[in-house]
Amino acid sequence: MKEKELQRSRAVLPIGTIMKLTELTARQIRYYESQNLILPVRSESNRRLYSLNDIDRLLEIKDYLAEGFNMAEIKRVYEKQAARRQHEQQKLTKPVTDADLRDALHNEFLTVGGFRHDSGTFSN
DNA sequence: ATTCTGACA
DNA sequence: TGTCAGGA
């Protein structure tokens, strides 16, 4: 892993900063964490510490919700993303870059986004 | 001042 | 999701 990614994954930002940068409330940020959409590390004083990647993640989640996705669907997107990440890693073939992840995520978006929904009523 | 968990008038 | 409590 390159230094640049190490910095992006270095969690040091307090929730207050995340709130300002994402326009999300602490309530929402913590809720998404409870849904395993993000996994901020904890400081010795139990404070949540976020990385730049977490911010990107939250902004994406925010976009999905704006597009009309519900938690279950967004979870599916990241679960598949994680599955692919593991699969690619197992095949020990092509290294997964941030660009690859962004693309995979976008594809999932188009795939599951083919239909508007209202929580749980799938049509495909 | 800031953040954390739990709970719901 | 908002918001208040009570503690760290």
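Here is the naming used below: chain letters follow the sequence lines, and residue numbers restart at 1 for every chain.
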Nearest whole Å is fine: how far is dT3(B) P from Arg30(A) CZ?
8 Å

Quick one: is Tyr50(A) getting a side-chain N or O under 4.0 Å of the dT3(B) phosphate, OP1 or OP2?
no

Using whole Å, what does the distance between atom P of nucleotide dT2(B) and atom CD1 of Ile29(A) come to?
15 Å

What is the distance from CE of Met19(A) to C1' of dT1(C), rounded to the nearest Å?
13 Å

If you measure from CD1 on Ile29(A) to NZ on Lys62(A), what distance do you get to the nearest 0.5 Å?
10.0 Å

Touch check for Ser45(A), heavy atoms < 4.0 angstrom, all strands: base, sugar-phosphate only, or nothing?
nothing

Can you list the stems that DNA chain C is part of, where a stem is at least 3 pairs in a row, each Watson-Crick or G-U, with both distances below 3.5 Å?
B:4-8 with C:2-6

Can you tell me how far C1' of dG2(C) sits from CD of Gln28(A), to the nearest Å?
10 Å

Can Val12(A) be reached from Leu21(A) by stepping across I, L, V, M, F, W or Y side chains whose heavy atoms are under 4.5 Å apart?
yes

Stepwise side-chain hydrogen bond (donor to acceptor under 3.5 Å, both in side chains) test for Tyr78(A) and Gln35(A)
CA-CA 11 Å; Tyr78(A) 289 117; Gln35(A) 298 305 296; over 6 Å; no

Is the shortest side-chain N/O distance from Arg42(A) to OP1 or OP2 of dT5(B) below 4.0 Å?
yes

Figure out the CD/C1' separation between Glu33(A) and dC4(B), and round it to whole Å.
11 Å

Check whether Thr17(A) reaches the backbone of Leu13(A) with its side chain - one donor and one acceptor, N or O, closer than 3.5 Å.
no

Quick one: salt bridge (Lys or Arg N to Asp or Glu O under 4.0 Å) partners of Arg57(A), sequence neighbours excluded?
none

Any N/O donor-acceptor pair, Arg47(A) side-chain to dT2(B) base, under 3.5 Å:
yes

Mark yes or no for a side-chain to base donor-acceptor pair under 3.5 Å between Arg48(A) and dT3(B), with no hydrogen or angle criteria applied.
no

Over all heavy atoms of both residues, which pair between Arg42(A) and Leu49(A) is shortest? Give the atoms and the distance, please.
C-CD1, 4.5 Å

To the nearest Å, give me how far apart CE (Met71(A)) and P (dT1(C)) are.
6 Å

Between Arg27(A) and Asn46(A), which has a closest nucleotide on DNA chain B that is more 5'?
Asn46(A)

Closest heavy-atom pair and its distance - Arg8(A), Ser51(A):
O-CB, 3.2 Å

